[in-house]
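Numbers here simply count residues along the sequence, with the first being 1.
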Amino acid sequence: QVQLVESGGGLVQAGGSLRVSCAATGRTFSNYAMGWFRLAPGKAREFVAAIRWNGGSTLYRDSVKGRFTISRDNAKNMLYLQMTSLKPEDTAVYYCAANPSGLEYASEKRYNYWGQGTQVTVSS
């Protein structure tokens, strides 16, 4: 069992930056690949970014490439998503999730554990 708690969401103007964090407890964090997903009103939950268990490889959805950076600190059991050049269409609840395969997949079916989410709102 892995427990995940997101934090750091908030309201930011378009063009601004925000970092969301995810604290993990329970089983060995470094065994898991980690991902960020988001859910916007009226839309299906979508993949944002993922990172391999050792941080050695990352994957992003096209619309956030060059603007978002996923990172992890296995010593602190922490996952991060640094978001820059934010756009109103980035507004969503952001969820972190853990994937026991250790590899950075985009499919949410690969992820067994989920946090409760943190709201990110980008105003125009």
Using only atom types and a distance under 3.5 Å, with no angle test, would you say the side chain of [X] pairs donor to acceptor with the backbone of [Y]?
| X | Y | value |
| --- | --- | --- |
| Thr84 | Ser17 | no |
| Asn99 | Ala106 | no |
| Ser85 | Gly15 | no |

For residues 9-98, which residue pairs pass the disulfide (SG to SG under 2.5 Å) check, not counting sequence neighbours?
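Listed once each, the pairs are Cys22-Cys96.
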Once you round to the nearest 0.5 Å, how far does [atom1] of [X] lie from [atom2] of [Y]?
| X | Y | atom1 | atom2 | answer |
| --- | --- | --- | --- | --- |
| Gln119 | Leu11 | CD | CG | 9.5 Å |
| Phe29 | Lys76 | CZ | NZ | 12.5 Å |
| Glu89 | Ser63 | CD | OG | 8.0 Å |
| Ser57 | Leu59 | OG | CG | 7.5 Å |
| Asp90 | Leu18 | CG | CG | 10.5 Å |
| Asn77 | Gln3 | CG | CD | 11.0 Å |

Between [Y] and [X], is there a side-chain heavy-atom distance shorter than 4.5 Å?
| X | Y | result |
| --- | --- | --- |
| Ile51 | Leu79 | yes |
| Arg52 | Leu103 | yes |
| Val20 | Met83 | yes |
| Trp114 | Arg45 | yes |

Under the rule for side chain to side chain contact (heavy atoms under 4.5 Å, CB included), what residues qualify as partners of [X], not counting sequence neighbours?
| X | answer |
| --- | --- |
| Thr28 | Ser30, Asn31 |
| Ser21 | Ser7, Arg19, Met78, Tyr80 |
| Lys65 | Tyr60, Asp62 |
| Ser107 | Lys109, Arg110 |

Establish, yes or no, whether a centroid distance under 6.0 Å links the rings of Trp36 and Phe68.
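No - the distance between ring centres of Trp36 and Phe68 does not fall below the 6.0 Å cut-off.
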Does Leu86 form a side chain to side chain contact (heavy atoms under 4.5 Å, CB included) with Gln13? I'd like the steps, not just the answer.
CA-CA 8 Å; Leu86 282 160; Gln13 288 188 332; over 6 Å; no
How close do [X] and [Y] get, counting heavy atoms only, and between which atoms?
| X | Y | result |
| --- | --- | --- |
| Pro88 | Ser124 | CG-CB, 3.8 Å |
| Asn112 | Pro100 | ND2-CG, 3.5 Å |
| Glu6 | Gly115 | OE2-CA, 3.2 Å |
| Ala50 | Tyr111 | CB-OH, 3.4 Å |

For Glu46, which residues count as a salt bridge (charged side-chain N to carboxylate O under 4.0 Å, His left out) partner, sequence neighbours excluded?
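Expected list: Arg38, Arg61.
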[X]-[Y] co-clustered via ILVMFWY side chain contacts under 4.5 Å:
| X | Y | result |
| --- | --- | --- |
| Val48 | Leu4 | yes |
| Val93 | Phe37 | yes |
| Val2 | Met34 | yes |
| Leu81 | Val122 | yes |
| Val12 | Val64 | yes |

Does atom CD of Gln116 have more than 12 heavy-atom neighbours from other groups under 6.0 Å away?
yes
